[in-house]
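What follows is a short report on a single structure.
In listed order, ligands and their atoms are each counted from 1. Computed from a prediction, not measured in an experiment: that's the story for all the values here.
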Amino acid sequence: MGSAGRFEGRTAIVTGAASGIGRATALRLASEGASVACFDLADAVHDTAAAITGGGGQALAMTLDVADESAVATAVADAASELGPATVLANVAGVLRFAITHEASMADFDLMMRVNVRGPFVMCRAAIPAMLEAGGGAIVNVASSAGMFGQAYNAGYGASKGGVAMMTRSIAWEYVKHNIRVNAISPGQVDTPMVSTIDFPEAMDWKLMRKAMGVNGKSLAPEEPAALIAFLASDEATAITGAVVPIDHGLTC
Ligand SMILES: NC(=O)c1ccc[n+]([C@@H]2O[C@H](COP(=O)([O-])OP(=O)(O)OC[C@H]3O[C@@H](n4cnc5c(N)ncnc54)[C@H](O)[C@@H]3O)[C@@H](O)[C@H]2O)c1
């Protein structure tokens with residue numbers, strides 16, 4: 001890992017760091033000098049931290065549920081004592097379940113609300129005190145194009161990601177005087193396990209899905225949203241707060 005960079009001397013917490021965009025974000029922030037606390041439910045989060053430390057960077061891994069406030073409070077405190085208080089938080093963990101609405105599993109709906117909405121709220125709640133103490137910080141949430149326009153079979157996920165966008169704006173305005181910036185990215189389709197493992201309902205009408213695919217059906221590499229997260233978390237973006245930035249090849253323009 002390179003040592004010089006925009007996050008030299010800073011500690012970042014990245015959730016969802018075991019896989020996909022979260023892993024790419026943890027690696028990107030570390031490559032720019034951050035000490036990274038990698039949080040995820042999955043044990044593979046240890047591989048991400050090992051990739052960082054193996055390259056000469058500083059990282060630790062913790063397995064936890066981002067929606068569990070007591071586990072999060074403990075993990076944020078432990079990360080602060082090992083790596084220093086975090087002034088960067090990337091809320092990337094998320095889950096996606098497609099369903100025909102009138103047949104949808106309520107357990108899946110509740111899971112999406114828990115992980116995608118409650119999770120970032122719990123994380124912000126736990127991370128903001130250290131940022132207030134430090135005189136500022138940057139939070140980047142991950143919304144989705146699915147939260148910006150109507151997508152078939154995706155009502156629960158879309159509602160959760162629309163919620164992330166609104167939560168981002170609300171927290172940004174609340175802490176604007178405290179130099180804590182809060183932004184979100186809104187990706188279109190990204191090549192990650194979340195997408196490659198989607199369990200589509202058998203009876204769905206694929207014609208309705210075309211709307212979500214854009215003109216050329218291009219998808220993103222996880223490193224592309226990770227680069228945008230790093231920009232928004234960096235001092236190059238000091239004038240940007242409360243923004244929900246699309247990264248979707250124009251899908252939602
Ligand atoms: N892949 C896409 O096309 C796409 C598009 C727009 C937005 N997003 C969003 O980007 C984020 C990252 O998704 P990805 O594509 O990298 O998916 P991914 O499945 O590769 O990674 C998601 C990670 O979140 C973790 N996670 C799930 N529940 C958790 C919990 N309760 N506590 C802690 N960790 C938990 C998973 O273990 C996994 O490592 C998600 O918020 C997703 O909704 C993805």
Side-chain angles (χ1 to χ4, degrees), residues 13-28 37-49 51 61-72 74-76 79 89-98 107-108 110-123 126 139-149 151 154 156-165 167-168 184-200 209 212-214 217-229 244-249 251-252:
I13 297 172
V14 180
T15 75
S19 176
I21 301 167
R23 178 180 162 88
T25 300
L27 296 176
R28 174 69 190 244
C38 303
F39 290 3
D40 203 292
L41 207 51
D43 285 339
V45 71
H46 293 281
D47 301 341
T48 305
M62 294 190 189
T63 52
L64 81 167
D65 174 0
V66 288
D68 176 340
E69 69 265 37
S70 84
V72 164
T74 303
V76 168
L89 167 63
N91 282 314
V92 190
V95 291
L96 165 67
R97 300 284 187 276
F98 272 76
D108 282 352
D110 291 346
L111 178 70
M112 288 188 282
M113 291 300 159
R114 179 176 167 81
V115 180
N116 300 353
V117 181
R118 182 183 164 90
F121 186 83
V122 166
M123 287 298 311
I139 297 171
V140 185
N141 297 321
V142 179
S144 169
S145 55
M148 304 298 135
F149 70 105
Q151 295 189 5
N154 221 0
Y157 181 77
S160 75
K161 292 301 187 175
V164 169
M167 187 197 309
T168 298
I185 68 163
S186 175
Q189 186 169 306
V190 188
D191 287 329
T192 69
M194 175 177 279
V195 169
S196 60
T197 60
I198 291 175
D199 187 12
F200 290 109
M209 297 300 291
M213 288 174 184
K218 263 196 202 167
S219 55
L220 301 156
E223 291 73 21
E224 295 178 87
L228 180 56
I229 290 170
V244 180
V245 184
I247 173 163
D248 63 4
H249 296 115
L251 186 65
T252 53

(message) Can you tell me how far apart CZ (Phe98) and CD1 (Ile198) are? Round to the nearest 0.5 Å.
(response) 4.5 Å
(message) Within this structure, what is the CD1-CG distance for the pair Ile229 and Asn141, rounded to the nearest 0.5 Å?
(response) 9.5 Å
(message) We want to know whether Ser145 and Asp248 form a side-chain donor-acceptor pair, criterion being a heavy-atom distance below 3.5 angstrom.
(response) no
(message) I need the minimum non-hydrogen distance between Ile139 and Asn91, along with the two atoms involved.
(response) CG2-ND2, 4.0 Å
Pairs of donor and acceptor atoms involving the side chains of residues 113-123, under 3.5 Å and at least two apart or interchain, shall be tabulated with distances.
| residue | atom | partner | partner atom | Å |
| --- | --- | --- | --- | --- |
| Arg114 | NE | Asp65 | OD2 | 3.4 |
| Arg114 | NH2 | Asp65 | OD2 | 2.8 |
| Asn116 | OD1 | Val95 | N | 2.9 |
| Asn116 | ND2 | Val95 | O | 2.9 |
| Asn116 | ND2 | Ser160 | OG | 3.1 |
| Arg118 | NE | Ala67 | O | 2.9 |
| Arg118 | NH2 | Ala67 | O | 3.4 |
| Arg118 | NH2 | Glu69 | OE1 | 2.5 |

(message) Any non-hydrogen side-chain atom of Ser219 less than 4.5 Å from a side-chain atom of Val195?
(response) no
(request) Could you pull out every protein residue that has a heavy atom closer than 4.0 Å to ligand 1, ordered by chain and then number? (result) Gly16, Ala18, Ser19, Gly20, Ile21, Asp40, Leu41, Ala42, Leu64, Asp65, Val66, Val92, Ala93, Gly94, Val95, Val115, Val142, Ala143, Ser144, Tyr157, Lys161, Pro187, Gly188, Gln189, Val190, Thr192, Pro193, Met194, Val195
